[in-house]
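Here's the structure we're looking at; comments come further down.
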Amino acid sequence: MFQKVNQFARIPLQFSTLVQSQKTMTDQSQTDLGLYKPPPTVRGMTELDRAAFSQTVSVPAIRIPTNVLNKAVKSLKKVALQRPGLKRVVEEHSEDGNKDSSEGEHRLLLLDPNSITSADSFGGEEAEALKAYGVPQEIQKYELQLTYENLKSEEILRAVLPEGQDVTSGFSRVGHIAHMNLRDHQLPYRKLIGQVIIDKNPGITCVVNKTNTIDSTYRNFQMEVLAGESNMVAKVRENGVFYEFDFSHVYWNPRLSTEHERIVSLLQRGDTVVDVFAGVGPFAIPAARRGCEVLANDLNPESFRWLQHNAKLNKVDRKITSFNMDGRNFIRGPVEERLPALMKGSQKIHVVMNLPALALEFLDAFRGLLGPEPDQSLDNLPQVHCYGFSKEDDAQRDVVERAEASLKTSLQGQCSVHLVRNVAPNKEMMCVSFTLPRGVLYSTHTKDSGKRLSHLLLSLGSSIKT
């Protein structure tokens, strides 16, 4: 089942998918956080006991005749009590707890105690509406039973975690999986946190926590299932494209959706895309759907397998030639073999290198790639889009200088740099784009030394045999 969430609102669609990061604690409405005073017994809880959170609170209410109820409720929407799973309009009761004899003629609208503290708290528009509907501007108290179901994630976790400690925590949603990066002080409560995330976020059935940093070789990480099922095969939809993959064995970042779309928007039908670190296909598959021919490579066997699967899933497997190789070997093998013929054509060639931890270092694979420059010069040089992380104050200058160091040439005035996103405090993800210089591709003396040595040894062997 695919599920989609708009960038700003949750809108489930029948055949869509969710690929969006969400801040579960910090993005909650702050309107009525003071309403709930947690019982002291829940402090330090590590195993979720939902019944322990029940509490009776007193909230303001206004008595409204049923014949103007809908209109009055609409006019008082801004000051009405907003709570998950809670009815704002309730029947009124007499002091002995029984239904009022006139209950068929009136209802009570529960109000937000942070907005309405007395009859004078209503704004001008609200007061005018009440007068027009003949509703007395009188406030009464209503004893409201709050349960776990009516509480927000922030309230529950603030009540449980040690007082004074930060309870904010974010997660990335990948299909049915919520991926968290818990802080050390939250780890003793991780199972409870995971269950709360499932309870308060429809569609999430698995919560995982990253237990180590991303592996630079295969770009995946170890994770612990905090709550829910252990099914790691996610189904997501990004920018209209469907993907399936085992999240525990491949790299997927929903925060890169906009960047994927930005690069794909540069492509034209008939262009060639060389995706050096393709993953499960977030660049390669949209490019193929756009009418491009794609050479897609990834070292991770699992990524390679899901890349092929997703190409078939989106019916573009005939447009994608996939490889399971080291990035340098891919450039110096299949790319080198095809590049001269591609450069004779007029369609653009785009090289995408999205491995920000290492990609800038892999640019050296292009030095002398095509050997001596041919007599007939080829002007259709590849456009490179290479990603890198930077912790420097001037991140733009840093990634350009590192690209220049790998290429052994200057890119000043010949490249553009795009800030992709802020990864962490003082750490940026950047993309440097440039036309691959002719002096890098062609050379008589910097051609891969290993290949030259291999050819020399073969020649010597032939001479000895003869």
Side-chain angles (χ1 to χ4, degrees), residues 216-220 238-239 241-245 250-253 256-339 342-343 347-363 365-366 369 381-388 403 418 420 429 431-436:
S216 294
T217 305
Y218 283 169
R219 290 199 294 176
N220 56 11
E238 181 185 270
N239 300 325
V241 181
F242 294 96
Y243 301 91
E244 296 178 355
F245 48 82
V250 305
Y251 178 80
W252 179 270
N253 190 339
L256 295 178
S257 169
T258 301
E259 180 61 14
H260 297 152
E261 191 172 33
R262 183 183 75 88
I263 293 297
V264 172
S265 70
L266 303 175
L267 309 176
Q268 300 293 328
R269 176 173 294 276
D271 288 354
T272 296
V273 174
V274 177
D275 196 347
V276 183
F277 310 106
V280 300
F283 285 111
I285 291 171
R289 281 165 53 97
R290 203 174 178 90
C292 299
E293 295 295 327
V294 181
L295 304 177
N297 172 72
D298 203 276
L299 178 62
N300 183 349
E302 281 292 301
S303 296
F304 172 72
R305 182 168 74 87
W306 287 106
L307 168 65
Q308 293 184 313
H309 171 84
N310 290 325
K312 292 178 181 177
L313 180 66
N314 289 278
K315 297 179 174 57
V316 291
D317 46 307
R318 293 185 179 182
K319 302 289 289 183
I320 299 176
T321 306
S322 52
F323 303 86
N324 181 205
M325 305 172 65
D326 169 77
R328 280 192 178 85
N329 292 339
F330 172 62
I331 293 170
R332 293 171 175 170
V335 176
E336 178 189 356
E337 293 168 6
R338 292 165 171 79
L339 202 51
L342 292 172
M343 291 171 62
Q347 296 293 143
K348 289 184 178 180
I349 308 160
H350 292 267
V351 179
V352 180
M353 302 177 70
N354 183 24
L355 182 64
L358 295 171
L360 291 167
E361 299 173 19
F362 277 73
L363 288 172
F366 289 104
L369 184 68
L381 298 169
Q383 310 292 308
V384 177
H385 311 281
C386 187
Y387 293 83
H418 175 73
V420 178
M429 179 177 175
C431 177
V432 54
S433 298
F434 57 91
T435 299
L436 199 58

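Numbering starts at 1 and runs along the sequence shown. The shown structure was predicted, so the numbers you read here are calculated from the model rather than taken from an experiment.
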Donor-acceptor contacts, no H, no angles, side chain residues 267-283, under 3.5 Å, sequence neighbours left out:
| unit_1 | atom_1 | unit_2 | atom_2 | d |
| --- | --- | --- | --- | --- |
| D271 | OD1 | Q347 | NE2 | 3.0 |
| D271 | OD1 | K348 | N | 3.2 |
| D271 | OD2 | Q268 | N | 2.8 |

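Summarising the geometry of L360 relative to V432, their closest heavy-atom pair is CD2-CG1, 4.0 Å, with the distance given to 0.1 Å. Closest non-hydrogen pair, N239 versus S257, comes out as ND2-O, 3.1 Å. Contact detail for I320 and A311: the closest heavy-atom pair is CD1-CB, 4.0 Å. Contact record, I331 with M353: CD1-CE, 4.4 Å, taken as the closest heavy-atom pair. Considering every non-hydrogen atom in both H350 and L266, the closest pair reads NE2-O, 4.1 Å. The minimum heavy-atom distance linking W306 with V250 is given by the pair CD1-CG1, 4.1 Å.
For R262, the salt bridge (charged side-chain N to carboxylate O under 4.0 Å, His left out) partners at least two apart in sequence or on another chain are E259.
One finds the CZ atom of R305 at 13.0 Å from the CZ atom of F245 (value rounded to the nearest 0.5 Å). To the nearest 0.5 Å, atoms SG (C431) and CD1 (I263) are separated by 4.5 Å. Here the CD-CD1 distance, from E238 to I285, works out to 10.5 Å after rounding to the nearest 0.5 Å. Annotation: the span from N354 atom CG to N253 atom CG amounts to 9.5 Å, rounded to 0.5 Å. Rounding to the nearest 0.5 Å gives a distance of 9.5 Å between CZ of F434 and CD of Q383. The OH atom of Y251 sits 9.5 Å away from the CG atom of L355 when rounded to the nearest 0.5 Å.
Side chain of N314 to backbone of V316: no donor-acceptor contact under 3.5 angstrom is found. Of the possible polar contacts, none joining the R332 side chain to the R328 backbone as a donor-acceptor pair under 3.5 Å is found. Looking at N297, its side chain never comes within 3.5 Å of a backbone N or O of S322 through a donor-acceptor pair.
Between D298 and L307, the closest side-chain pair of non-hydrogen atoms is not below 4.5 Å. Between V294 and K319, the closest side-chain pair of non-hydrogen atoms is not below 4.5 Å. Using a 4.5 Å heavy-atom cutoff, the side chains of V384 and L363 are in contact. Between L256 and M429 there is a side-chain heavy-atom pair separated by less than 4.5 Å.
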Inset, instruction - Any chance you could lay out the side-chain contact (heavy atoms from CB on, under 4.5 Å) test for L436 and V351, step after step, and finish with the verdict? - result: CA-CA 9 Å; L436 199 58; V351 179; over 6 Å; no

Inset, instruction - Tell me, with the steps shown, if D326 and F362 meet side-chain contact (heavy atoms from CB on, under 4.5 Å). - result: CA-CA 10 Å; D326 169 77; F362 277 73; 4.1 Å; yes

